[in-house]
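Structure, as structure tokens:
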Amino acid sequence: NTMIFLEIMQTIQGKWVRQLGRILSQLTWISTLHTDFFTCFHGGKILWYQLFKILACQTFIEKRTSYNILRPWLGGGLLLASMDRWGKNRRLSTPAFRFEILDNFFYVFNKNADDLCQQLAKAAISNKGQFTKEIDVFPFLKKCTPYIISEAAMGIKISAQLEDSKYLRDVHRISEIVVKRFFSSNFLPDRLKQGVAQGRLEVDVNDEDLGAFKKRRAFLDLILMAVKDGVELSDVDIHHEVDTFMFEGHHTTAAAFVWFLYCMARNPEHQELVRQELDELEMITALLVAILLVLLTVLFLAYRRWECSSFVKTIDLIPGPKKRPIVGNATSLPSESDEIMQTIQGKWVKQFGRIYRSWLGFRTFVHISTPNFVEKILTSQTYIEKGKSYSILTPWLGEGLLLATGIKWKKNRRLLTPAFHFQILDNFFDVFNKNADILCDQLAKALKSECCKEIDVFPFLKKCTLDIICEAAMGIKINAQLEDTEYIRNVHRISEIVVERFFSFGHFLPDWAYRCTPKGREHFKILKQIHDFTSQVIRERKEEIALEEMQNNDEDFGKIKKRRAFLDLMLLAVKDGVELSEMEIRNEVDTFMFEGHDTTASALVWFLYCMGTNPEHQELVREELNEVFGNSASPCTIEDANKLKYLECCIKESLRLYPAVPNITRYISEDFELGGYKIPTGASLSVQIYALHRNEEYFPDPDVFKPERFQVDESIGRHAFAYVPFSAGPRNCIGQRFAMFEEKVLASAILRRFRVSYDFAKHGPSKGNAELVLRPKHGMPLNLVSIS
Ligand code: HEM
């Protein structure tokens with residue numbers, strides 16, 4: 001009985017320790033069948049290092065044989081697992097005890113603590129309705145802790161405190177029997193174990209609990225999920241792990257708690273200190289709640305004030321979807337980004353017209369998609385500031401041409417415009433041709449290695465356009481099409497992260513706060529690597545130019561003179577006295593890198609899609625290619641490109657249907673009027689290029705691919721701002737001509753080498769994701785057939 005157990009412990013851990021010291025050995029016959037020899041270490045200053053040695057050592061982690069009496073119950077669960085299994089199971093279970101997971105169990109602890117107190121209060125009231133002074137609390141605690149552990153370990157609710165559960169009776173009973181067996185010679189009869197298993201079947205699980213534990217993963221769930229993820233654990237193993245948690249998790253906590261209460265009862269002064277601490281906590285909680293209430297009230301009042309402001313009232317005179325408090329129209333948008341564009345530039349345009357407003361939280365957008373309005377904005381010298389949503393690009397591109405405003409933008413635009421002069425662009429044709437050849441070779445190679453003829457061409461195009469812009473902007477070859485380098489990986493990754501931020505809460509966070517999130521940390525780490533790379537290229541290029549000049553080697557200098565990278569032109573301008581810091585140059589180079597590869601890859605991929613879905617037009621393009629190039633494999637020159645008129649119509653028509661930049665925004669820095677509505681300072685104006693291009697007033701059968709629309713006679717009389725894939729006015733795309741030539745060279749090279757088709761029956765229409773550029777949502781699988 002308990003007294004005997006206590007005396008045994010008092011002897012072993014008390015009397016003998018005092019008599020024989022803090023290390024002693026002992027030979028024990030616990031039963032006639034069970035002999036054991038063990039050495040006791042007992043803590044204390046003298047032997048702390050031996051204890052540490054034992055507990056920290058990876059070798060001594062196997063339990064001694066006296067634990068074997070638990071084996072029929074707990075099998076090879078964590079408590080008894082052998083060396084080889086223990087490591088794996090411990091690794092598997094450890095995440096279940098992380099802070100954030102444990103946090104989820106506070107609900108169970110609290111709810112159960114309430115039930116426990118209720119039960120104690122009920123028991124404390126005697127028949128006469130008076131509070132009795134003395135209760136044996138241990139049975140109450142023993143009922144309470146299994147409740148908690150069963151919910152934590154198995155995710156089920158056993159009404160232990162309120163009802164009598166057969167399963168818990170079995171758990172209590174088996175614990176008693178095991179303890180008795182420890183001090184006797186009896187073996188555990190099997191039927192008791194069966195009893196426990198049977199009891200387990202009787203636990204009550206109701207829907208409410210299931211809903212709750214979906215949020216709060218039980219240890220069992222975590223194990224089952226790990227098994228789904230490929231961790232090898234049999235049903236019996238799982239069963240043993242859960243039984244181990246059940247065994248270890250209720251007895252121990254009930255015992256710890258009952259002794260804690262005992263200590264509190266024996267030491268009222270300490271109990272008082274604990275109570276004071278709890279009172280303080282309550283006070284702090286009350287204070288926090290009060291502060292929160294005040295804050296909420298202030299926020300509510302500020303929100304009401306904002307809602308009644310003339311800015312909001314003026315904007316809300318423009319038609320638009322009904323806005324909800326705080327979130328505006330954010331929750332009315334679908335979650336898929338292709339559907340977001342279809343809603344903003346399709347459904348809502350039809351519903352509210354070609355000028356309407358929307359709210360994204362506290363930010364408002366006025367969307368326009370009719371040429372008159374677009375002209376008014378894009379030709380303005382006042383509204384050249386980009387919308388606030390571009391700010392997420394600032395850490396990457398700084399005040400490069402895309403994001404700069406005012407005098408800075410004017411100065412840099414003037415400086416860079418000559419770099420896109422026809423004569424200069426002519427020099428890039430060999431870069432276009434060389435990379436077009438590599439692209440076609442890579443596609444041919446992929447065709448050979450694929451068992452079918454279908455290839456997702458988008459990744460190939462992205463690498464090719466990246467190679468081209470690297471050579472054009474920085475004058476270096478990175479061979480993205482042939483090798484994988486850190487810089488290429490970084491450029492791809494940063495685009496992905498920026499897009500993710502655009503569609504997430506991170507968009508609304510200032511940079512310093514975003515930097516504290518895991519994504520933000522990755523973002524800034526990658527940016528640093530990209531910036532370091534660009535800065536290094538700038539330094540090297542500066543030295544090369546200085547060396548060239550020093551050597552004044554006419555032959556080499558002449559060669560480089562033929563093709564100056566955009567970077568070289570800036571460095572030469574600096575030499576000629578233009579004031580540009582290294583940071584400004586880096587921002588411009590990064591801007592070209594950003595603007596100059598995803599856009600062209602996107603334009604090209606949609607062009608190939610249009611060719612693949614319109615074979616008759618593809619044949620017309622091929623006829624034109626034959627006329628210009630015949631059977632030769634000669635590269636495409638600037639003169640050839642200028643002759644490819646039908647190809648140009650097809651590229652333009654694909655850019656109409658699938659504009660690589662589907663919308664642009666401007667910040668309204670001065671009130672103005674548009675379509676009878678006042679647009680107040682502070683609003684963002686969004687030019688919906690995608691919707692504009694599908695305006696049937698200017699493009700009948702807007703969804704049909706008709707390249708003839710762009711033949712000279714067909715275009716006469718069409719509003720100049722009905723088609724603006726490169727924007728228009730002072731802030732139009734500086735790289736427009738470069739891009740068109742690049743498209744022509746790459747498109748002609750591909751169509752001279754391959755016949756392309758798109759399996760519409762298999763894939764359905766390709767969907768576009770409006771991210772930074774319009775990219776195909778599921779890649780672009782095309783069938784390519786080599787033309788011999
Ligand atoms: C098919 C390919 C391309 C398309 C559809 C395209 C489209 C656009 C559009 C719509 C804008 C206006 C953005 C705005 O106002 O927010 C723009 C700006 C710009 N683009 Fe392009 N672009 C393409 C290729 C290129 C290339 C190849 C380069 C560089 C070589 C480039 C460099 C720029 C720059 C620097 C700006 C900012 C101009 C400024 O604000 O002054 N683009 N582009």
Side-chain angles (χ1 to χ4, degrees), residues 374 377-381 383-391 393 397-406 408-417 419-421 424-425 428 431-432 461-462 464-474 565-567 569-570 587-607 648 651-652 654-667 684-690 692-693 721 723-747 770 772-775:
V374 173
I377 282 295
L378 294 186
T379 53
S380 158
Q381 290 287 346
Y383 308 115
I384 57 169
E385 199 172 323
K386 300 292 165 81
K388 294 283 173 226
S389 48
Y390 286 67
S391 62
L393 288 169
L397 310 181
E399 285 189 281
L401 211 51
L402 182 71
L403 306 181
T405 46
K408 185 163 214 165
W409 169 75
K410 275 198 184 119
K411 183 188 99 183
N412 290 4
R413 178 86 191 199
R414 215 173 307 122
L415 178 75
L416 288 164
T417 300
F420 293 90
H421 195 274
I424 304 260
L425 292 182
F428 288 111
V431 178
F432 299 155
L461 304 180
K462 279 199 292 189
C464 177
T465 53
L466 195 58
D467 270 345
I468 292 175
I469 196 64
C470 260
E471 210 163 333
M474 299 192 276
F566 304 140
L567 166 61
L569 296 169
M570 284 187 275
N587 287 339
E588 294 306 347
V589 172
D590 285 336
T591 300
F592 282 129
M593 288 301 302
F594 164 72
E595 269 290 329
H597 84 280
D598 252 7
T599 45
T600 41
S602 153
L604 194 60
V605 82
W606 290 111
F607 163 78
E648 186 172 313
I651 294 175
K652 283 183 171 169
S654 61
L655 272 169
R656 179 187 72 80
L657 284 168
Y658 306 100
V661 180
N663 87 301
I664 55 181
T665 61
R666 292 283 185 274
Y667 177 72
S684 278
L685 210 129
S686 157
V687 177
Q688 299 190 317
I689 300 180
Y690 181 89
L692 174 77
H693 286 182
F721 286 79
Y723 178 73
V724 289
F726 294 98
S727 183
R731 283 214 88 156
N732 71 347
C733 172
I734 198 170
Q736 171 169 352
R737 275 197 294 228
F738 178 96
M740 277 309 278
F741 281 137
E742 181 181 342
E743 297 294 304
K744 278 187 172 177
V745 175
L746 296 182
L772 294 173
V773 294
L774 185 67
R775 60 177 80 234

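Counting starts at 1 for both ligands and their atoms, in listed order. For this chain, numbers begin at 1 and follow the sequence in order.
Residue contact annotation: Glu743 has no non-hydrogen atom under 4.0 Å from ligand 1. The closest approach between a heavy atom of Thr665 and any atom of ligand 1 is not below 4.0 Å.
If you look at Phe738 and Phe726, their ring centroids are not closer than 6.0 Å. For an aromatic pair to be called close, the ring centres must be under 6.0 Å apart, and Phe741 with Phe428 fails this.
In Arg666, the part holding a heavy atom less than 4.0 Å from any atom of ligand 1 is the side chain. If you look at Tyr658 next to ligand 1, there are no close heavy atoms at all, none under 4.0 Å.
Taking all atoms of both residues into account, the shortest heavy-atom contact from His693 to Leu655 is ND1-O, 3.5 Å. Residues Pro730 and Leu378 come closest through the heavy atom pair CD-O, 3.1 Å. Taking every heavy atom of both residues into account, Gly400 and Asn587 meet most closely at N-CB, 3.8 Å. Scanning both residues, Ser684 and Gly387, for their nearest heavy atoms gives OG-CA, 4.1 Å. Counting all heavy atoms, side chain and backbone alike, Tyr383 lies closest to Tyr667 at CD2-O, 4.2 Å. Nearest heavy-atom pair, Leu415 versus Met570, reported as atom, atom and distance to 0.1 Å: CD2-CG, 4.4 Å.
Comparing Ala739, Pro725, Pro659, Gly387 against atom 10 (C) of ligand 1, the shortest heavy-atom distance belongs to Pro725. Taking each of Met593, Glu595, Arg731, Arg413 in turn, the one with a heavy atom nearest to atom 41 (O) of ligand 1 proves to be Arg413. Among Phe738, Phe726, Tyr390, the residue whose heavy atom lies closest to atom 3 (C) of ligand 1 is Phe726. Around atom 35 (C) of ligand 1, the closest heavy atom drawn from Ile469, Ile734, Thr600 belongs to Ile734.
The protein non-hydrogen atom at the shortest distance from atom 22 (N) of ligand 1 is Cys733 SG, 3.1 Å. Protein heavy atom closest to atom 24 (C) of ligand 1, with residue, atom name and distance, is Thr599 OG1, 3.4 Å. At the shortest separation from atom 29 (C) of ligand 1 among protein heavy atoms lies Phe592 CD2, 3.6 Å.
Close approach to Lys386 involves these atoms of ligand 1, each under 4.0 Å from a residue heavy atom: 14 (C), 15 (O), 16 (O), 40 (O). Close approach of ligand 1 to Ser727 is summarised as follows: ligand atoms under 4.0 Å from at least one heavy atom of the residue are 10 (C), 12 (C). Which parts of ligand 1 touch Ile664 is read off a 4.0 Å heavy-atom cut-off, strictly below it: atoms 13 (C), 14 (C), 15 (O), 16 (O). Every atom of ligand 1 is numbered from 1 in the order shown, and the set under 4.0 Å from a heavy atom of Gly596 is 26 (C), 27 (C), 28 (C). Counting the atoms of ligand 1 from 1 in the order shown, those under 4.0 Å from a heavy atom of Ala660 are 5 (C). Near Asn732, the atoms of ligand 1 lying under 4.0 angstrom from a non-hydrogen atom of the residue are 38 (C). The contact set between ligand 1 and Ala603, taken as ligand atoms under 4.0 Å from a residue heavy atom, comprises 1 (C).
With a 4.5 Å cut-off on side-chain heavy atoms, Phe594 and Leu772 count as touching. Using a 4.5 Å heavy-atom threshold, the side chains of Ile734 and Thr417 count as touching.
Atoms OG1 and NZ, from Thr600 and Lys462 in turn, are 12.0 Å apart once rounded to the nearest 0.5 Å.
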